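These notes are about the structure you will find just below.
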Amino acid sequence: QCEEAAYEERWYPAGKWACVTKGEPMYEQSISMSFMKLMRYICEENSVGCYLGMTVPVLNEIHLTKEGTELEREVVTAYYLPGEFQQNPPVPTDPEIHITERAPLRVITRVFYGTTTEETILREISLFCELLGSTDTVLQETYIVATYENPSIPQRRNEIWFICRA
């Protein structure tokens with residue numbers, strides 16, 4: 001009988017991402033609006049006029065307030081460009097979408113299931129902090145929520161990523 005690991009460490013190479021930043025009153029509004037913009041980009045609203053192909057996970061970079069009790073309003077939602085578009089990314093027609101080269105990333109990650117709301121994310125960060133104990137090796141106010149399935153799936157697979165210090 002195998003037990004699922006509580007968390008794992010991963011390394012992601014540098015790469016180009018299409019990103020949208022939103023600061024709506026609720027986290028769910030920000031990610032929903034950003035994801036819809038990215039889907040239009042993926043599905044033809046780009047300089048090559050074709051479907052780019054979906055990659056997972058879609059990342060939502062979040063920041064905690066100084067008190068650590070709530071999320072900052074601004075959320076960056078990021079879609080990894082498929083391999084064939086890494087060298088020459090199609091230009092988005094939407095000016096709110098920016099193509100960004102992200103540096104290599106080392107994270108400590110933990111899976112959770114269900115919807116991602118400010119409440120569930122804060123709970124997952126807190127649980128993960130307890131599980132890790134000392135968190136000197138990770139950033140304290142910046143986290144990533146990685147989603148692997150369509151937002152309409154009620155028990156979808158997500159991860160909370162703690163970003164390792166360089």
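Just so it is clear, the structure is predicted and the values come from calculations on it, not from any experiment. Nothing fancy with the numbering, it's 1 onward along the sequence.
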Practice item. Any salt bridge (Lys or Arg N to Asp or Glu O under 4.0 Å) involving residues 108-120? Give me the pairs, sequence neighbours left out, ordered by first then second residue. Key: R73-E118
Exercise for review: List in chain and number order the residues that pass side-chain hydrogen bond (donor to acceptor under 3.5 Å, both in side chains) with T93, two or more places apart in sequence or in another chain; answer none if no residue qualifies.
Suggested key: none
Check your understanding: Any link between I125 and I31 through a network of hydrophobic side chains (Ile, Leu, Val, Met, Phe, Trp, Tyr) touching at under 4.5 Å?
Key -> yes
Study note, to complete from the structure: Nearest heavy-atom approach of L59 to R102 is CD1-NH1, 4.1 Å
Check your understanding: Considering all heavy atoms of both residues, which atom of T142 and which atom of H63 are nearest to each other, and what is their separation?
Key -> OG1-ND1, 3.0 Å
Revision key, fill the gap. Members sharing V91's hydrophobic cluster, built from side-chain contacts under 4.5 Å between Ile, Leu, Val, Met, Phe, Trp and Tyr, are none
Check your understanding: Tell me, do P90 and S47 make a side-chain contact under 4.5 Å, heavy atoms counted?
Key -> yes
Check your understanding: Quick one: CG on L127 to CG on L122, what's the gap to the nearest 0.5 Å?
Key -> 11.0 Å
Practice item. Check whether V48 and I97 end up in the same hydrophobic cluster, where Ile, Leu, Val, Met, Phe, Trp and Tyr are linked by side-chain heavy atoms less than 4.5 Å apart. Key: yes
Study note, to complete from the structure: L132 meets the side-chain contact (heavy atoms from CB on, under 4.5 Å) criterion, sequence neighbours left out, with Y7, I108, F128, T135, F162
Check your understanding: T117: what forms a side-chain hydrogen bond (donor to acceptor under 3.5 Å, both in side chains) with it, not counting sequence neighbours?
Key -> T120
Review point. Do the side chains of W17 and V58 join up, straight or via other hydrophobic residues, at under 4.5 Å, putting them in one cluster?
Key: no
Study note, to complete from the structure: Across all chains, not counting sequence neighbours, the side-chain contact (heavy atoms from CB on, under 4.5 Å) partners of A166 are none
Check your understanding: With R157, which residues qualify under side-chain contact (heavy atoms from CB on, under 4.5 Å), at least two apart?
Key -> R10, V111, Y113, Y148, E149, E159
Check your understanding: Cluster question for you: counting only ILVMFWY and a side-chain heavy-atom cut-off of under 4.5 Å, with indirect links fine, are I160 and I144 together?
Key -> no
Point to revise | Closest approach of I99 to Y41 (non-hydrogen atoms, all atoms of both residues) | key: CD1-OH, 3.6 Å
Review point. Could you give the distance from OG1 (T55) to CD1 (I42), rounded to the nearest 0.5 Å?
Key: 6.5 Å
Revision key, fill the gap. Quick note, salt bridge (Lys or Arg N to Asp or Glu O under 4.0 Å) partners involving residues 121-147, not counting sequence neighbours, are none
**Study point:** Intermediate values then yes/no, side chain to side chain contact (heavy atoms under 4.5 Å, CB included), I163 and V138
**Key:** CA-CA 5 Å; I163 303 163; V138 298; over 6 Å; no
**Study point:** Chi angles and distances behind the side-chain hydrogen bond (donor to acceptor under 3.5 Å, both in side chains) call for T109, W161
**Key:** CA-CA 4 Å; T109 176; W161 291 4; 3.2 Å; yes
Practice item. Indicate yes or no: at least one non-hydrogen side-chain atom of L139 is less than 4.5 angstrom from one of R165. Key: yes
**Study point:** Main-chain N/O of Q86 paired with K16 side-chain donor or acceptor, under 3.5 Å
**Key:** yes
**Study point:** Any Y12 side-chain heavy atom under 4.5 Å of P104 side chain
**Key:** no
Practice item. Check the surroundings of atom CG in N88: do more than 12 heavy atoms from other residues, nucleotides or ligands lie under 6.0 Å from it? Key: no
Revision key, fill the gap. Across all chains, not counting sequence neighbours, the side-chain hydrogen bond (donor to acceptor under 3.5 Å, both in side chains) partners of N46 are none
Exercise for review: Mind checking side-chain contact (heavy atoms from CB on, under 4.5 Å) for R40 and listing every partner two or more places apart, or none if nothing turns up?
Suggested key: M36, K37, E45
Check your understanding: Quick one: are L64 and E72 in side-chain contact, heavy atoms under 4.5 Å?
Key -> no
Exercise for review: Starting from the C-alpha separation in whole Å, work towards a yes-or-no answer on side chain to side chain contact (heavy atoms under 4.5 Å, CB included) for T100 and C19.
Suggested key: CA-CA 7 Å; T100 306; C19 302; 3.8 Å; yes
Donor-acceptor contacts, no H, no angles, side chain residues 74-85, under 3.5 Å, sequence neighbours left out:
residue	atom	partner	partner atom	Å
T77	OG1	N60	OD1	2.7
Y79	OH	G53	O	2.6

Review point. Linking I/L/V/M/F/W/Y whenever their side-chain heavy atoms sit closer than 4.5 Å, directly or via other members, would M39 and L52 fall into one cluster?
Key: yes
Check your understanding: If only atom types and distance count, is the side chain of N158 paired as donor or acceptor with the main-chain N or O of V145 below 3.5 Å?
Key -> no
Point to revise | Enclosure of Q87 CD (heavy-atom neighbours >12, cutoff 6.0 Å) | key: no
List the atom pairs, donor and acceptor, that lie under 3.5 Å between side-chain atoms in residues 20-30 and the rest of the protein, sequence neighbours left out.
residue	atom	partner	partner atom	Å
K22	NZ	E96	OE1	2.9
Q29	OE1	M26	N	2.9
S30	OG	E24	N	2.9

